[in-house]
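We use all heavy atoms of the structure for the numbers below, so side chains are in, but hydrogens, waters and symmetry mates are not. Within every chain, numbering begins at 1; the chains are lettered A, B, ... in the order of the sequence lines, protein sequences first and strands thereafter.
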Amino acid sequence: MSDAVAAPQDARIEGATARRQARNLPFQFNGNGFEFFRIWIVNILLSIVTLGIYSAWAKVRTQRYFYGNTRLDDSSFEYLANPVAILKGRVIAFACLVAYSVANQVSVTLGLVALALFLLALPWMLVRGLSFRNHNSAWRGVRFGFDGTYGGAAMAFVVWPLLGALTLGLLIPLAVHRQQRFIADNSRFGTTRFELKVGVGPFYMAFLVVLAIAIIGGLLGVLLGTAVPLLMPVLMTAAYLVLFAFISVRLTNLTYGNLHLGANRLQSRYDLGSYLLLMLGNLLGLVLTLGLFYPWAKVRNARYAAEHMSLQAGDDLEGFVAARQQEVSSLGGEMGELFDVGVGL
Amino acid sequence: MSGSASPPILGSYYAGSSRPTPARLLVEEGAVQVRDGDQLLAGPVPLDAVAISSRLGNTPRMLRFADGGSFETADNAAVDRLLSGSGRRHGLVHRLESSLRYVLLGVLVTVLFVWGGVRYGIPALAEGVAFALPESVSRQVGQGVLDVLDQQVLFPSELAEDERARLRERFAPLLQRDGAPIRLEFRRAAEQIGANAFALPSGTVVFTDQLVTLAGHDEELLAVLAHEIGHVERRHGLRQALQGSALGLVVMTVTGDLSSVSSLVAAIPVLLTQLGYSRDFEHEADRFAAELLAEQGIDARRLGEILARLERAARTCPPDEEPCPQEAGGWTRYLSTHPPTAERRRLLGDF
């Protein structure tokens with residue numbers, strides 16, 4: 001880590017585009033499980049005492065802990081969200097969630113109306129959520145940003161998945177590719193845009209492997225399960241875990257590993273074996289401690305991510321300029337979180 | 001050591017771009033300035049005009065100036081000294097996090113809150129809310145469910161017309177009492193449902209032909225009806241829905257988010273808790289039935305008898321072996337929506 005980290009200090013060349021040797025800059029994560037455990041438990045304690053109001057501050061503290069402990073080229077990331085904005089978003093989102101679940105319980109038609117409204121609001125929630133997250137993430141005092149539109153999000157997250165379902169899954173890899181492209185290509189650091197340079201082919205390859213794992217796992221489960229009935233649930237669970245790990249690993253490598261920012265490019269080297277070990281360790285820890293292992297699991301995940309990613313820097317990383325400030329409300333982001341809308345990036 | 005001549009804090013300064021400038025932050029006579037050698041990068045401004053991020057573990061601190069520039073330093077101790085010198089209140093949450101006593105208190109409160117809240121708080125709250133709402137809300141829950149069931153697993157009853165009429169008459173005393181109006185339906189059920197009865201929150205109680213055939217005495221069917229009326233009157237449908245939502249909220253408070261690892265693991269305790277709630281409802285409906293039957297001069301043990309019959313039928317025990325041999329492994333009770341029949345019969349005998 002030492003030579004890469006010390007480099008920018010003596011690079012006092014005027015003009016940001018001064019070309020230098022491409023450097024491979026590792027990410028570093030300096031968090032510690034016990035330290036985060038204390039933060040986590042105090043977060044919960046205060047959230048309980050304040051009847052949930054503190055949970056917005058708790059979220060900011062958690063995010064700040066993980067951002068602040070992640071370093072690149074000797075500078076750490078920053079999470080800048082205002083807890084009051086998050087609290088407002090949470091209150092409104094919670095009211096909507098209650099209305100949604102009550103509508104579902106009350107009658108089938110009302111449930112369908114609620115679902116339609118939810119689908120209409122989904123793209124908006126995604127765009128606002130990504131805007132809020134990016135706008136409040138910064139490195140070296142320069143904020144990230146997101147410029148996606150409602151239409152773009154509607155295509156990527158509603159229309160393409162629907163087409164995927166209508167074609168019995170044939171277009172699902174294409175839909176996933178569109179979604180990742182939508183998220184990446186609309187994101188920027190300061191005024192510089194990210195770009196996802198990968199075709200749809202690798203997504204189809206990954207899809208085929210997923211199918212193969214599912215089929216082989218299912219067949220093995222049934223075949224061995226009829227011989228030794230006790231093995232069936234064990235094998236099914238194992239197949240499920242492998243499937244889950246494979247999708248995480250491949251999707252992360254495809255999306256992060258092909259992410260370009262100006263002359264720089266991210267590299268992602270997740271691999272299935274070590275990721276499975278990480279997941280099994282976390283699961284075991286959580287089950288054995290009845291959930292108290294949770295903070296350590298989060299720290300382990302963050303460390304794994306940092307250790308398996310790096311930035312291939314094509315310039316000195318000094319030319320990124322902050323964009324003009326504008327405020328972004330948290331509402332969409334909190335809605336997305338409450339409705340469990342997964343956004344992977 | 002007065003504040004006027006504190007040693008400089010080392011760090012990096014960013015002036016609106018990602019170019020770092022190694023810099024020193026100095027405080028002279030209450031004014032903050034950032035310098036790179038002789039060059040003045042920011043300030044001097046009063047300390048109050050600088051936004052200083054709060055202490056969080058050992059993460060670096062950011063000092064933000066009004067013009068958009070920011071100063072990053074890893075020297076947490078120096079920033080804390082700077083803040084305490086200025087008399088600003090700071091770092092309360094960090095002090096809680098650093099104190100082992102408060103952390104232990106946190107663990108204790110969390111465990112008690114989660115256990116107590118889930119075991120007693122949520123059911124009590126849901127009961128309060130369910131009965132505070134007008135009865136019509138409770139009846140709205142699960143509208144259209146019977147239509148779906150009729151399409152898939154229920155068929156028109158094949159019981160003789162006069163048998164059904166006789167039963168309706170026999171049931172009349174229970175149906176015509178004050179309280180929620182109850183509608184009675186008979187259906188032949190598909191194989192996988194078999195002998196059963198269930199109540200919908202709207203007040204419809206469905207008996208399957210198989211259950212009517214299985215019963216050894218009319219009073220056993222009356223006992224089942226009393227139990228199902230209990231589900232309706234005690235608004236179990238609405239309460240179940242409310243408890244499910246509240247449980248999700250508790251999970252979110254504890255995990256703080258819904259990331260993949262946690263949701264995979266959280267699903268199991270949530271399911272087990274919901275099964276526990278379901279068993280509590282069965283006990284409550286049993287108690288309700290016992291009281292209602294007593295009013296009618298019927299022995300509450302009739303309910304226990306039909307429950308035992310149902311269990312024997314489900315497990316294909318030898319017809320008159322009493323009691324039906326217990327299944328191995330007592331822990332499986334926690335995986336069931338209904339409490340063990342033996343326990344229910346014991347409690348019904350006690351009423």
Side-chain angles (χ1 to χ4, degrees), chain A residues 8-9 16 30-32 35-48 52 55 58-59 61-62 64-65 68-69 75-76 78 94 97-98 101-102 105-109 139-142 190 244 248 279 282-283 286-287 291-292 294 297-298 301 317-322 337-338 340, chain B residues 12-20 22 53-54 56-60 62 64 68-70 72 74 93 96-98 100 102-103 105-107 109-110 113 137 140-145 147-148 237-238 241 244-245 248-249 252-266 268-269:
Chain A
Q9 251 67 10
N30 300 325
N32 156 306
E35 191 177 51
F36 181 57
F37 171 77
R38 290 178 304 181
I39 292 167
W40 177 70
I41 208 81
V42 169
N43 275 344
I44 297 179
L45 177 67
L46 293 178
S47 294
I48 291 170
S55 70
K59 180 185 172 174
R61 261 185 111 65
T62 302
R64 275 185 58 205
Y65 186 78
N69 277 310
S75 297
S76 53
E78 264 186 293
F94 180 62
L97 183 70
V98 169
S101 48
V102 166
Q105 295 291 340
V106 165
S107 86
V108 178
T109 19
W139 182 71
R140 289 189 173 171
V142 176
F244 183 83
S248 308
M279 261 181 55
N282 285 348
L283 258 169
L286 283 165
V287 170
L292 283 180
Y294 180 75
K298 278 204 74 143
N301 284 351
L317 299 182
E318 294 184 2
F320 298 107
V321 182
E337 196 175 281
L338 262 189
D340 202 10
Chain B
S12 302
Y13 184 75
Y14 308 104
S17 86
S18 61
R19 193 164 81 89
S53 64
S54 60
L56 179 62
N58 275 316
T59 55
M62 245 338 154
R64 218 168 284 285
S70 46
E72 179 181 357
V93 180
L96 287 180
E97 287 161 358
S98 309
L100 217 55
Y102 284 110
V103 169
L105 179 71
V107 175
V109 169
T110 305
F113 168 80
V137 176
Q140 283 293 315
V141 177
Q143 287 268 309
V145 170
D147 293 337
V148 175
L238 181 61
S245 318
L249 215 63
M252 260 193 26
T253 313
V254 173
T255 60
D257 70 343
L258 292 163
S259 71
S260 44
V261 183
S262 67
S263 59
L264 194 73
V265 173
I268 297 163

Visitor: Name the option with the most non-hydrogen atom pairs under 4.5 Å to chain A; the candidates are P60(B), S70(B), A15(B).
Guide: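 Looking at each option in turn, the highest pair count goes to P60(B).
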
Visitor: With a 4.5 Å cut-off on heavy-atom pairs, point out which of S54(B), S98(B), G68(B), G244(B) contacts chain A the most.
Guide: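 Winner by heavy-atom pair count: S54(B).
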
Visitor: Using a cut-off of under 4.5 Å for heavy-atom pairs, which of S18(B), S245(B), G106(B), G69(B) has the most such pairs with chain A?
Guide: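 Among S18(B), S245(B), G106(B), G69(B), the one with the most close pairs to chain A is S18(B).
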
Visitor: Any side-chain heavy atom of N58(B) within less than 4.5 Å of one from N30(A)?
Guide: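 A side-chain contact is absent here, since even the closest heavy-atom pair is not under 4.5 Å.
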
Visitor: Please classify the contact between F37(A) and chain B as side chain, backbone, both or neither, with a heavy-atom cut-off of under 4.5 Å.
Guide: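 Only the side chain of F37(A) comes within 4.5 Å of chain B.
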
Visitor: For residues E72(B) and E78(A), determine if any side-chain heavy atom of one lies less than 4.5 Å from a side-chain heavy atom of the other.
Guide: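 No, every pair of side-chain atoms sits at 4.5 Å or beyond.
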
Visitor: CD of E97(B) to CH2 of W40(A): how many Å apart, nearest 0.5 Å?
Guide: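 The distance works out to 13.5 Å.
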
Visitor: Measure L238(B) against the heavy atoms of chain A and call it side chain, backbone, both or neither at under 4.5 Å.
Guide: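 The answer is neither part of L238(B).
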
Visitor: Spell out, as yes or no, whether a donor-acceptor pair under 3.5 Å connects the side chain of T59(B) to the backbone of Y65(A).
Guide: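 Absent.
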
Visitor: Which heavy-atom pair separates E35(A) from G57(B) by the least distance, and what is that distance?
Guide: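 That would be OE2-CA, 3.4 Å.
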
Visitor: Please report the closest heavy-atom contact between V107(B) and I41(A), naming both atoms and the distance.
Guide: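 V107(B) and I41(A) have their closest heavy atoms at N-CG1, 3.5 Å.
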
Visitor: Shortest non-hydrogen contact from G141(A) to Y14(B)?
Guide: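 Reported closest heavy-atom pair: N-CD1, 4.2 Å.
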
Visitor: Are L96(B) and L46(A) packed together at the side-chain level, in the sense that at least one heavy-atom pair is separated by less than 4.5 angstrom?
Guide: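 Heavy-atom side-chain distance check passes, below 4.5 Å.
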
Visitor: For T62(A), is it the side chain, the backbone, both, or neither that has a heavy atom closer than 4.5 Å to a heavy atom of chain B?
Guide: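 No part of it gets close to chain B.
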
Visitor: Specify which of D147(B), V109(B), V148(B) makes the most heavy-atom pairs with chain A at under 4.5 Å.
Guide: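 The answer is V109(B).
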
